[in-house]
Amino acid sequence: MDPIVTRFAPSPTGYLHVGGARTALFNWLYARHTGGRFILRIEDTDTVRSTKESVEAIFQALQWLEIDWDEGPYFQSQRTDIYQTYAKRLFESGHAYYCTCSPEAVEEMRRKAMATGANPRYDGTCRDKGLGPRPGAVLRFRSPATGTTVLDDVVKGGIAFQNTELDDFVLVRSDGTPTYNFVVVVDDITMGINTIIRGDDHVMNTPKQIQIYRALEATLPVFAHVPMVLGPDRTRLSKRHGAMSVTAYRDMGYLPEAFINYLVRLGWSCGDQEFFTRAELIEKFSLENIGRSAGIFDLAKLQALNADHIQALSPEALVPHLAPILAQKGLVPDTVPSLPRVIATLQPRSKTLEEMADQARFYFDETVDYDPAAVKKVFKPAVVEPLRQLVAELEKLDTFTEAGLEAAFVAVMEATGLKLGKIAQPVRLALTGRTASPGIFETIEALGRTKTMDRLRRALDFLDGMEGQTGA
RNA sequence: GGUCCCAUCGUCUAGUGGUUAGGACGCCGGCCUCUCACGUCGGUAACAUGGGUUCGAAUCCCAUUGGGACCA
């Protein structure tokens with residue numbers, strides 16, 4: 001059996017959006033799953049809307065998602081010779097003809113057709129005139145007048161289109177530029193694409209494309225039209241629904257593994273399994289289990305999956321993903337004894353890396369600001385003595401390890417008769433400025449001796465000041 | 001307007017003629033507990049509607065409704 005060859009063919013008219021990313025992902029996964037090849041092609045024939053920046057943005061997004069390609073990127077703008085060759089072939093074999101009808105005349109035909117309730121279409125005025133190439137003429141495809149064209153889609157099943165619905169559509173415009181349906185087919189044939197996985201917004205193009213394949217006597221590829229991704233209001237995902245750009249999710253602290261896991265699971269299933277590593281996705285992905293109905297993008301589910309992936313990775317593996325977000329917030333890793341240790345304390349309490357960075361702030365800052373409400377609730381005169389004793393106990397420790405720290409706390413608990421909570425909360429406030437944080441022992445260990453002792457002493461000073469005030 | 005596609009909890013889905021219709025996210029509650037989380041246990045909630053076919057339909061067929069896509 002021939003190896004599977006798939007492709008992703010975005011138009012560089014903006015960033016890579018969620019729907020595009022999913023299409024890319026499906027093609028990439030299927031190629032990797034079958035041991036085939038994955039080709040990247042940039043469809044930049046729309047020279048007005050295509051930009052170099054968009055091409056760059058697409059590369060960046062694919063890189064973040066770790067979707068690599070085996071061939072390309074090809075640029076349609078550099079392949080005009082090829083399209084001309086194929087246009088000529090279609091003309092010479094009689095599958096296409098030149099048409100000199102003016103745009104106004106064609107518009108008139110449409111109006112007439114509409115008036116009779118029929119589909120607006122070209123009426124075939126030039127179809128049998130036998131015109132040759134000439135300036136200002138368009139090249140039209142000679143569509144079959146009768147019968148049906150059947151699309152045998154892997155996910156949708158068989159779809160029959162009446163050929164009477166097909167127009168004698170334009171292949172090459174009067175200015176010599178080829179049209180979308182034509183270049184796509186020529187590219188897919190010449191690049192050896194045998195499996196086309198794309199959004200189902202393309203199904204209506206497919207019968208035309210199938211006709212071109214036939215006219216060119218090329219083997220039809222396997223078609224798989226995957227349902228679209230919709231916004232919460234069930235309309236096509238757009239800016240209104242928030243972040244569209246894939247890289248925006250990177251910046252918001254989502255892991256590429258989580259993002260692809262979510263995107264693939266949206267519209268594809270493998271029994272009840274929800275969590276997939278990249279390797280599992282490659283191993284288990286198949287066209288057969290793609291669903292037929294559109295899916296709604298649900299940020300809450302993405303978040304939950306992201307939390308799972310954050311927990312599944314080692315702290316060390318998280319470092320490169322978290323580092324840029326920390327940097328963006330002005331938090332420099334050198335100011336902390338061990339970044340992986342800090343990460344380890346926050347893993348079970350972060351849905352995104354951005355949340356993690358925010359929660360990590362107190363580890364990095366020079367000092368902490370106390371939350372006023374927490375001060376009122378926790379910094380009571382009664383905590384001064386236990387805190388003093390704790391400082392004394394901690395000073396006895398050679399190194400700060402969780403076991404040693406716990407022993408120090410236990411010593412204070414026994415001396416004062418207090419429960420752990422009564423001591424941990426003031427310590428937590430002293431160290432973090434708030435009443436919620438990771439476990440107190442792991443927090444101290446990750447914070448390090450210097451900052452811990454500084455902050456405990458500062459808290460005692462602060463409490464001193466409070467007593468002076470109330471006493472006065 | 002024409003053509004095409006789709007239809008199970010709010011959302012993602014399992015299910016392919018016989019199930020108490022399962023799982024996940026979310027939400028609610030219990031437990032765990034040094035706080036917040038994690039975890040864990042339980043609860044909430046669905047086969048769009050109407051006809052058929054069949055001993056029996058979420059499952060097969062038709063219609064209706066609703067949603068979406070493309071072309072204009």
Side-chain angles (χ1 to χ4, degrees), chain A residues 19 106-107 109-111 113-121 148-149 151 153 155-167 169 181 199-208 225-237 261-275 288-308 310-311 344-351 355-356 359 371 374 377-378 405-406 409-410 413 418-429 431-432 434-444:
Chain A
V106 174
E107 185 52 40
M109 290 169 204
R110 291 211 169 103
R111 256 202 300 278
M114 291 272 272
T116 63
N119 225 22
R121 57 194 306 245
T148 59
T149 298
L151 160 59
D153 195 277
V155 346
K156 306 236 176 220
I159 305 173
F161 298 87
Q162 297 300 319
N163 287 340
T164 48
E165 295 291 330
L166 254 51
D167 206 359
F169 56 93
N181 283 317
D200 70 3
D201 47 336
H202 284 287
V203 291
M204 302 304 273
N205 286 326
T206 312
K208 291 178 184 173
H225 286 96
V226 315
M228 321 219 60
V229 180
L230 271 26
D233 59 356
R234 297 189 167 276
T235 65
R236 204 177 171 145
L237 208 56
N261 186 165
Y262 176 70
L263 245 33
V264 176
R265 251 314 313 246
L266 178 56
W268 172 84
S269 60
C270 183
D272 278 340
Q273 189 171 349
E274 302 275 350
F275 181 96
E288 289 70 40
N289 294 318
I290 296 176
R292 310 115 305 223
S293 56
I296 293 172
F297 190 84
D298 180 17
L299 194 64
K301 187 117 185 185
L302 205 210
Q303 251 172 28
L305 227 28
N306 200 47
D308 289 345
I310 284 176
Q311 289 225 60
T345 70
L346 266 13
Q347 270 175 290
R349 22 181 78 72
S350 310
K351 286 197 190 305
E355 260 182 41
M356 184 181 278
Q359 294 184 90
D371 169 28
K377 191 176 169 196
V378 176
L405 292 165
E406 183 160 7
F409 271 76
V410 168
M413 285 160 68
L418 293 171
K419 285 187 167 182
L420 179 56
K422 291 290 179 194
I423 304 172
Q425 279 308 80
V427 170
R428 175 168 282 118
L429 179 55
L431 300 183
T432 72
R434 21 199 82 249
T435 53
S437 86
I440 199 65
F441 307 126
E442 52 177 335
T443 298
I444 295 174

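When reading the values below, keep in mind they use all heavy atoms of this one structure, side chains included, and skip hydrogens, waters and symmetry mates.
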Can you tell me how far [atom1] in [N] sits from the matching atom in [M], rounded to whole Å?
{"N": "B/G18", "M": "B/A58", "atom1": "C1'", "value": "13 Å"}
{"N": "B/U16", "M": "B/C36", "atom1": "C1'", "value": "46 Å"}
{"N": "B/U44", "M": "B/G66", "atom1": "C1'", "value": "26 Å"}
{"N": "B/G22", "M": "B/G42", "atom1": "P", "value": "14 Å"}
{"N": "B/U13", "M": "B/A21", "atom1": "C1'", "value": "13 Å"}
{"N": "B/C25", "M": "B/C61", "atom1": "P", "value": "34 Å"}
{"N": "B/U64", "M": "B/G10", "atom1": "P", "value": "26 Å"}
{"N": "B/G29", "M": "B/C47", "atom1": "P", "value": "26 Å"}

Which residues pass the side chain to side chain donor-acceptor pair (under 3.5 Å) test with [X], sequence neighbours left out?
{"X": "A/D371", "answer": "none"}
{"X": "A/E442", "answer": "none"}
{"X": "A/Q359", "answer": "A/S350"}

Tell me: [atom1] of [X] to [atom2] of [N], nearest whole Å?
{"X": "A/E288", "N": "B/G15", "atom1": "CD", "atom2": "P", "value": "13 Å"}
{"X": "A/N181", "N": "B/C71", "atom1": "CG", "atom2": "C1'", "value": "12 Å"}
{"X": "A/K208", "N": "B/C70", "atom1": "NZ", "atom2": "C1'", "value": "9 Å"}
{"X": "A/L230", "N": "B/A69", "atom1": "CG", "atom2": "C1'", "value": "10 Å"}
{"X": "A/K422", "N": "B/U35", "atom1": "NZ", "atom2": "P", "value": "11 Å"}
{"X": "A/Q273", "N": "B/G15", "atom1": "CD", "atom2": "C1'", "value": "18 Å"}
{"X": "A/K351", "N": "B/A24", "atom1": "NZ", "atom2": "C1'", "value": "13 Å"}
{"X": "A/L151", "N": "B/U3", "atom1": "CG", "atom2": "P", "value": "18 Å"}

Give a yes or no on whether A/R434 atom CZ has more than 12 heavy-atom contacts from other residues, nucleotides or ligands under 6.0 Å away.
no
What is the nucleic acid contact for A/Q303, judged by heavy atoms within less than 4.0 Å: base, sugar-phosphate only, or nothing?
nothing
Glycosidic conformation of B/C38, taking syn as within 90° of 0 and anti otherwise
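Syn for B/C38; the angle stays within 90° of 0.
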The side-chain contact (heavy atoms from CB on, under 4.5 Å) partners of A/L230 (sequence neighbours excluded) come to A/M228, A/A294, A/I296
Could you check A/Q347 against A/M356 for side chain to side chain contact (heavy atoms under 4.5 Å, CB included), going step by step and ending with a plain yes or no?
CA-CA 8 Å; A/Q347 270 175 290; A/M356 184 181 278; 4.1 Å; yes
Nearest to side-chain heavy atoms of A/I440, which nucleotide of B/C34, B/C4, B/C38
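Comparing B/C34, B/C4, B/C38 against the side chain of A/I440, the answer is B/C34.
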Looking only at B/C25, B/C34, B/G2, the nucleotide nearest the A/A424 side chain is B/C34
Minimum heavy-atom distance A/K156-A/R292, with the two atoms named
NZ-O, 3.8 Å
Ignoring hydrogens and angles, are the base of B/C38 and the side chain of A/R349 linked by a donor-acceptor pair under 3.5 Å?
no
Results of salt bridge (Lys or Arg N to Asp or Glu O under 4.0 Å) for A/K301 - residues two or more places apart only
A/E274
So if I define the base as every atom that isn't primed, P, OP1 or OP2, how would nucleotides 6-14 of chain B read as a B/S/- string at a heavy-atom cutoff under 4.0 Å?
SS---SBSS
Specify the residue among A/H202 and A/R428 whose closest nucleotide of RNA chain B lies further upstream toward the 5′ end.
A/R428
First encountered from the 5' end of RNA chain B, between A/N205 and A/Q425
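Final value for this comparison: A/Q425.
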